[in-house]
Amino acid sequence: MPSRLTPEDQQKVDQYLNLPQHQVERKPFRPWRLLALVLVVVVALGLLSRLLSRLVL
């Protein structure tokens, strides 16, 4: 895909992105961990909801 930037602007962008503060090492994305976290939160909120409904009724 051709860049819509001029060569000078592209060079500025490249220099900016190559600065040390933009070179952060990240851990690999783990979708199963995220899915497990969402599942735990949903189950916990469901259980809390049932508990509160029993206390009210």
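Residue numbers count from 1 along this sequence.
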If Ile, Leu, Val, Met, Phe, Trp and Tyr residues are connected whenever their side-chain heavy atoms lie under 4.5 Å apart, and connections chain through other members, are Leu48 and Val40 in the same group? no
Treating Ile, Leu, Val, Met, Phe, Trp and Tyr as nodes and any side-chain heavy-atom pair under 4.5 angstrom as an edge, say whether Tyr16 and Val13 lie in one connected cluster. yes
CG (Leu47) and CG (Leu52) are apart, to the nearest 0.5 Å, by 11.0 Å
Is it the case that over 12 heavy atoms from other parts of the model lie below 6.0 angstrom from the CD atom of Gln21? yes
Same apolar cluster (I L V M F W Y, side chains within < 4.5 Å links), Leu5/Leu19: yes
Hydrophobic clustering (ILVMFWY, side-chain heavy atoms < 4.5 Å, transitive) - are Val38 and Phe29 grouped together? yes
Looking at Gln10, is its backbone amide N or carbonyl O close enough to the side chain of Gln15 to form a donor-acceptor pair, meaning the two atoms are under 3.5 Å apart? no
Is there a side-chain contact between Leu35 and Leu39 in this structure, where contact means two heavy atoms from C-beta onward sitting under 4.5 Å apart? no
